[in-house]
Engineer: 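Please read through the structure below; I'll follow up with questions.
Atoms considered below: every heavy atom in the structure, side chains included; atoms not considered: hydrogens, waters and symmetry mates. Here is the naming used below: chain letters follow the sequence lines, and residue numbers restart at 1 for every chain.
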Protein chains: 2
Amino acid sequence: MDPEPHRIRILSWNIDGLDMGNIRTRAKAVCENIMRETPDVVFLQEFVTEMSDIFDKHCGPSYERFQAASDAYYTAMLLKKQTVKCTETKVVPFYTSRMGRALQSAQAEVKGIPMTLITSHLESTKDHAEERKRQLTAAFRAVNEAEGSRTVVFGGDLNLRDPELAAIGSLPDNIYDLWEVTGKRKEAAFTWDLTRNDNLEWQARFRPKCRFDRLYIRHSTPRTQLKPVYFELTGLERIPGCRRFPSDHWGILAHFDKV
Amino acid sequence: MDPEPHRIRILSWNIDGLDMGNIRTRAKAVCENIMRETPDVVFLQEFVTEMSDIFDKHCGPSYERFQAASDAYYTAMLLKKQTVKCTETKVVPFYTSRMGRALQSAQAEVKGIPMTLITSHLESTKDHAEERKRQLTAAFRAVNEAEGSRTVVFGGDLNLRDPELAAIGSLPDNIYDLWEVTGKRKEAAFTWDLTRNDNLEWQARFRPKCRFDRLYIRHSTPRTQLKPVYFELTGLERIPGCRRFPSDHWGILAHFDKV
DNA sequence: CCAAGAGTG
DNA sequence: CCACTCTTG
Ligand SMILES: [Mg+2]
Ligand SMILES: [Mg+2]
């Protein structure tokens, strides 16, 4: 019995597997967040092997996990067993990435709606804007290569700065930013925000904040099947004990209504 | 008696006053080059006080010199006494420059032609592209603020990369690159070329070459008064004795016919 | 994973 | 004054 038959939720979160400090405590906090929010689809970035057994234990009963790799750090997708039927998964490395980044995708039916789910952790840091723009362009191309009958949600830690998006000609006309179309809520803008998140060792006076993590939707045609209704941050609470956040990034959680 | 009554020549040269090695020997070589080429107008970048008396001695009899500053390093203009009547000089600092850069200009009659002469040493290094683009935009604005009856030549060490020019919308329609309109001669493209110029101490394997130094013209209206006919590099010969070049940049020399 | 700056080849 | 890497705040 689905208590929310008309609602679909998708979470994306960079869970900072590169920080070995409290890695298992933080991973457990991420899992508990997922089991509390119960999104249908989860995109994870910076998943590392050290987290595998924790995710197996906490999320394994409810979610199927697809990993883009098995060494270093990588993306992963969790698909809720109750509501998602996955028919195909794919990983396409960005061959010019210097950081081992890739585009991970899945064909799935989510509460009966045919969807293409795509995530990535695009090239990091301002210095690598050129490579990142190539990757984003490739990702948008992948979005639009999906069959028209499918609703496509693409997102992840895109490490994106707005001028970079402008430089590649802004968003394709048929792709929408879920934070934007749900009202551009200021409280949900900055997904990596060192004025609020002190997980990183940071001795600089300047506290940067960026909207690195984003989710996009391309609707199915001719009939739109999902209506974006809400976009929120998650992972905002400190873990009791270590007093750290689950990650240096907040998670982003998008809510849709079936229409 | 002017041996070339229908010819005007303008030289621009970054003479590397920041390299104290052989500074006076190199300055003298620059002066000798000027006295040999006898351009009507000279734009200099990286002029330093240590060169003043050398320029006074060698070029002082033939050229009037206007400096944009008197400390650190700065631009200077030499105007040939025989052929140029200067009525106004101006220096406008770029207030967001972190390197003390400025736009230096002069109103002058060159062989009877009313001209606005503008030079600058735009913000250096790839890292400072944003500031450099602002400065270039301001320079083009200054070019087009000159009265239509005047022929404007603007140029110097612009430290420019082609994508930066593209990023600010390319050249204004009425401004022409003198290297381009004289045939884009490959031999005259790279004005800072570490495959040919070893003045800098350089231990890297990669030898960069860039077209940092550029000259632009905006014609007078309704009647064009100067026709660009040739564009060449100068300062290509080593100085006997120290075996170094006068500067790490080549000079750029543009030739015009009065029409 | 910010922005500056320093050091290397 | 290149590109890259590293350190520092
Ligand atoms: Mg990270
Ligand atoms: Mg220099």
Engineer: Counting any heavy atom closer than 4.0 Å, what does B:Glu46 reach on the DNA or RNA strands: base, sugar-phosphate only, or nothing?
Structural biologist: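 Counting heavy atoms under 4.0 Å across all strands, the contact made by B:Glu46 is with sugar-phosphate only.
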Engineer: Considering only C:dG9, C:dC1, D:dC1, which nucleotide approaches the side chain of B:Asn14 most closely?
Structural biologist: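 The listed nucleotide nearest to B:Asn14's side chain is D:dC1.
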Engineer: Give one of base, sugar-phosphate or nothing for A:Trp202, where a contact means two heavy atoms less than 4.0 Å apart.
Structural biologist: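 The answer is base, as A:Trp202 lies within the cut-off (heavy atoms under 4.0 Å) of a base atom.
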Engineer: Remember a base hit wins even if backbone is also touched, and classify A:His249 as base, sugar-phosphate or nothing at under 4.0 Å, heavy atoms.
Structural biologist: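 Counting heavy atoms under 4.0 Å across all strands, the contact made by A:His249 is with sugar-phosphate only.
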Engineer: Taking the side chain of A:Arg98 as heavy atoms from C-beta outward, which of D:dC4, C:dC1, C:dA3 is closest to it?
Structural biologist: D:dC4
Engineer: Just the rounded figure in Å: distance from C1' of C:dC1 to CE of A:Met99.
Structural biologist: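 So the two atoms are 10 Å apart, to the nearest Å.
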Engineer: If you look at every strand shown and take non-hydrogen atoms under 4.0 Å, does B:Lys209 touch a base, only sugar-phosphate, or nothing?
Structural biologist: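 Nothing: the residue B:Lys209, judged by heavy atoms under 4.0 Å, touches no strand.
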Engineer: Is the CD atom of A:Glu187 crowded by more than 12 outside heavy atoms at less than 6.0 Å?
Structural biologist: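 Yes.
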Engineer: Using a cut-off of 4.0 Å on non-hydrogen atoms, how would the nucleic acid contact of B:Glu123 be classed: base, sugar-phosphate, or nothing?
Structural biologist: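 B:Glu123: no heavy atom of the nucleic acid under 4.0 Å.
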Engineer: What's the closest nucleotide to the side chain of A:Gln203 if the choices are C:dA3, D:dG9, D:dC4?
Structural biologist: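 Closest of the options to the side chain of A:Gln203: D:dG9.
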Engineer: Please check if atom CD in B:Glu237 has more than 12 non-hydrogen atoms from other residues, nucleotides or ligands closer than 6.0 Å.
Structural biologist: no
Engineer: Is A:Asn159 touching bases, backbone alone, or none of the nucleic acid, heavy atoms closer than 4.0 Å?
Structural biologist: sugar-phosphate
Engineer: Starting from P on D:dT5, measure out to CZ on B:Phe206 and report it in whole angstrom.
Structural biologist: 14 Å
Engineer: Kindly point out which of C:dG9, D:dG9, C:dG5 is positioned nearest to the side chain of B:Ala204?
Structural biologist: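 Of the options given, the side chain of B:Ala204 lies nearest C:dG9.
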Engineer: Where the side chain of B:Phe212 is concerned, which of D:dC1, C:dC1, C:dA3 is the nearest nucleotide?
Structural biologist: D:dC1
Engineer: With a cut-off of 6.0 Å (strictly less than), are more than 12 heavy atoms of other residues, nucleotides or ligands near NZ of B:Lys133?
Structural biologist: yes
Engineer: Against B:Asp198, only a single residue in B:Arg238, B:Arg243, B:Arg207 fulfils side-chain hydrogen bond (donor to acceptor under 3.5 Å, both in side chains); can you say which?
Structural biologist: B:Arg238
Engineer: Expressed as a whole number of angstroms, how long is the span from A:Glu164:CD to C:dC2:C1'?
Structural biologist: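 In whole Å, C:dC2 C1' and A:Glu164 CD are 14 Å from each other.
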Engineer: Would you mind reporting whether A:Ile252 and A:Trp179 have side-chain heavy atoms less than 4.5 Å apart?
Structural biologist: no
Engineer: Please state how far atom CD in B:Glu130 lies from atom P in C:dA4, giving the value in whole angstrom units.
Structural biologist: 12 Å
Engineer: Please say which of B:Phe43, B:Tyr176, B:Phe140 ends up in a ring-ring contact (aromatic ring centres under 6.0 Å, His included) with B:Tyr216.
Structural biologist: B:Phe140
Engineer: Measure the distance from CG on A:Asp19 to C1' on C:dC1 and round it to the nearest whole Å.
Structural biologist: 11 Å
Engineer: Would you say a side-chain N or O of B:His121 is under 4.0 Å from OP1 or OP2 of D:dC1?
Structural biologist: yes
Engineer: With P as the reference atom in both, quote the distance from C:dC1 to D:dG9 in angstrom, rounded to an integer.
Structural biologist: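 C:dC1 and D:dG9 have their P atoms separated by 22 Å.
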Engineer: Out of D:dA3, C:dC1, D:dC4, which has the shortest distance to the side chain of A:Leu200?
Structural biologist: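 Closest of the options to the side chain of A:Leu200: C:dC1.
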Engineer: How many whole angstroms separate atom CZ of A:Arg161 from atom P of C:dC1?
Structural biologist: 9 Å
Engineer: Of the listed nucleotides (D:dC1, C:dC2, C:dC1), which one gets closest to any side-chain atom of A:Pro208?
Structural biologist: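 In terms of side-chain proximity for A:Pro208, the closest of D:dC1, C:dC2, C:dC1 is C:dC2.
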Engineer: Can you tell me the distance, in whole Å, between the CZ atom of B:Arg205 and the C1' atom of D:dC4?
Structural biologist: 15 Å
Engineer: Answer yes or no: does a side-chain N or O of A:Ser124 lie under 4.0 Å from OP1 or OP2 of C:dC1?
Structural biologist: yes
Engineer: Give a yes/no on whether any side-chain N or O of A:Lys126 is located under 4.0 angstrom from OP1 or OP2 of C:dC1.
Structural biologist: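 Answer no for this pair, as no side-chain N or O of A:Lys126 is under 4.0 Å from OP1 or OP2.
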Engineer: Starting at CG of A:Asp127 and ending at C1' of D:dC6, how long is that distance when rounded to a whole Å?
Structural biologist: 12 Å
